[in-house]
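For reference, the structure is listed below as structure tokens.
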Amino acid sequence: MQILLTEEELREGVAKMATSISECYANNPLTIVGILTGSVVLMADMIRLLEMPLRVGVLQARSYQGATTTRGPLIINDELMPDIEGREVLLLDDIFDTGRTLKEVEARIRRFSPATVRSAVLLYKEGRQEVEMVPDFIGFKIPDEFVVGYGLDYEDAYRNLPYLAVLEEEDLQST
Ligand code: 5GP
Ligand code: MG
């Protein structure tokens with residue numbers, strides 16, 4: 001595997017995002033909604049850098065079928081979401097690829113009548129977007145490669161890598 005972002009680079013990028021988020025919300029109460037499962041590592045690091053009054057919730061978004069690029073319809077499970085009516089909400093996800101996931105999740109979230117909805121992603125894959133939406137906070141822009149680590153998986157493996165790596169052909173057999 002080829003390392004794309006080291007632990008140190010990730011730490012710096014997340015800290016910069018946290019600073020922008022803090023400046024945006026000042027000391028207003030915020031609800032962060034992490035999109036499972038890819039955002040768990042980012043969420044754990046991010047929330048500890050934020051000092052405003054903070055609530056944390058999760059929802060799950062997944063597409064049918066497991067493999068790398070082929071995607072089925074999106075399934076959103078919002079049963080674990082906290083009450084967000086009238087609240088400032090920040091959606092947190094691992095990666096913005098086509099953008100379809102975040103766009104659909106945002107539409108779902110708006111049904112619960114939050115005061116505001118913004119979004120933050122660790123990674124933004126360049127040249128892949130299929131929707132108008134642009135995340136409000138972006139950690140890193142990366143080239144169009146399949147990446148794993150820091151929460152991102154290949155068939156549910158590799159999420160625990162502390163760095164971000166590009167998955168290569170020979171890694172595909174070893175999960
Ligand atoms: P989108 O809906 O923006 O096309 O895709 C977002 C979701 O696709 C991410 O939350 C992630 O689960 C998955 N995804 C997109 N690109 C990658 C990638 O390079 N690596 C991994 N592990 N997942 C990806
Ligand atoms: Mg994901």
Side-chain angles (χ1 to χ4, degrees), residues 1-7 9-11 13-14 17-18 21 31-47 56-81 89-111 117-175:
M1 269 189 223
Q2 187 204 326
I3 296 187
L4 189 63
L5 294 168
T6 64
E7 279 190 74
E9 287 167 330
L10 286 166
R11 192 164 26 244
V14 172
M17 275 176 94
I21 291 167
T31 303
I32 287 213
V33 176
I35 302 174
L36 296 177
T37 304
S39 72
V40 291
V41 179
L42 173 64
M43 187 148 63
D45 283 347
M46 177 66 74
I47 63 175
V56 176
V58 290
L59 59 72
Q60 185 187 33
R62 63 192 165 85
S63 343
Y64 262 126
Q65 68 225 14
T68 45
T69 45
T70 44
R71 302 264 301 274
L74 190 71
I75 301 159
I76 299 174
N77 177 357
D78 57 25
E79 278 169 29
L80 296 173
M81 272 249 304
V89 172
L90 179 64
L91 291 171
L92 194 64
D93 205 2
D94 51 359
I95 185 165
F96 195 85
D97 183 23
T98 66
R100 295 187 179 279
T101 302
L102 210 53
K103 194 176 173 192
E104 278 193 47
V105 167
E106 193 195 67
R108 173 72 65 94
I109 287 278
R110 287 196 187 279
R111 288 195 215 160
V117 184
R118 293 188 181 86
S119 56
V121 295
L122 178 70
L123 307 168
Y124 179 97
K125 232 189 242 186
E126 286 188 297
R128 292 271 304 163
Q129 285 63 52
E130 295 174 9
V131 297
E132 296 280 293
M133 177 185 188
V134 179
D136 300 276
F137 306 94
I138 293 172
F140 300 90
K141 293 196 169 171
I142 62 165
D144 182 11
E145 308 233 47
F146 193 82
V147 291
V148 295
Y150 200 76
L152 291 103
D153 73 305
Y154 170 68
E155 294 186 346
D156 268 316
Y158 302 121
R159 293 193 198 276
N160 55 319
L161 297 179
Y163 48 83
L164 191 80
V166 175
L167 201 67
E168 290 163 308
E169 238 1 87
E170 71 250 36
D171 305 316
L172 300 181
Q173 288 90 42
S174 54
T175 57

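From a predicted model like this one, the values you see are computed outputs, not experimental measurements. Order of listing sets the numbers, starting from 1, for every ligand and every atom in it.
Under 4.0 Å from ligand 1, the heavy atoms of Asp93 that appear belong solely to its side chain. In Leu74, neither the side chain nor the backbone holds a heavy atom less than 4.0 Å from any atom of ligand 1.
Among Asp97, Ile95, Val148, Leu36, the residue whose heavy atom lies closest to atom 13 (C) of ligand 1 is Ile95.
Between the CD1 atom in Ile47 and the CG atom in Leu92 there is a gap of 9.5 Å [rounded to 0.5 Å].
With ligand atoms numbered from 1 in the order given, ligand 1 contributes 1 (P), 3 (O), 4 (O) to contacts under 4.0 Å with heavy atoms of Gly99. Taking a cut-off of under 4.0 Å to the non-hydrogen atoms of Lys125, the atoms of ligand 1 that pass are 16 (N), 17 (C), 18 (C), 19 (O). For ligand 1, the atoms lying closer than 4.0 Å to a non-hydrogen atom of Asp153 are 21 (C), 22 (N). Close approach of ligand 1 to Glu145 is summarised as follows: ligand atoms under 4.0 Å from at least one heavy atom of the residue are 19 (O).
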* Go through Leu4 and Phe140 one step at a time and tell me if the side-chain contact (heavy atoms from CB on, under 4.5 Å) criterion holds. => CA-CA 11 Å; Leu4 189 63; Phe140 300 90; over 6 Å; no

* Evaluation steps, side-chain contact (heavy atoms from CB on, under 4.5 Å), between Ile35 and Leu102 -> CA-CA 9 Å; Ile35 302 174; Leu102 210 53; 3.4 Å; yes

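Applying the salt bridge (Lys or Arg N to Asp or Glu O under 4.0 Å) test to Arg108 and every residue at least two apart in sequence or in another chain returns Asp78.
Considering backbone and side-chain N/O atoms, Val147 comes within less than 3.5 Å of an N/O atom of ligand 1. Not one N or O of Tyr154 is nearer than 3.5 Å to an N or O of ligand 1, by distance alone.
Asp171 and Tyr154 share no side-chain donor-acceptor pair at under 3.5 Å.
Sorted by first and then second residue, the salt bridge (charged side-chain N to carboxylate O under 4.0 Å, His left out) pairs involving residues 32-42 (not counting sequence neighbours) form an empty list.
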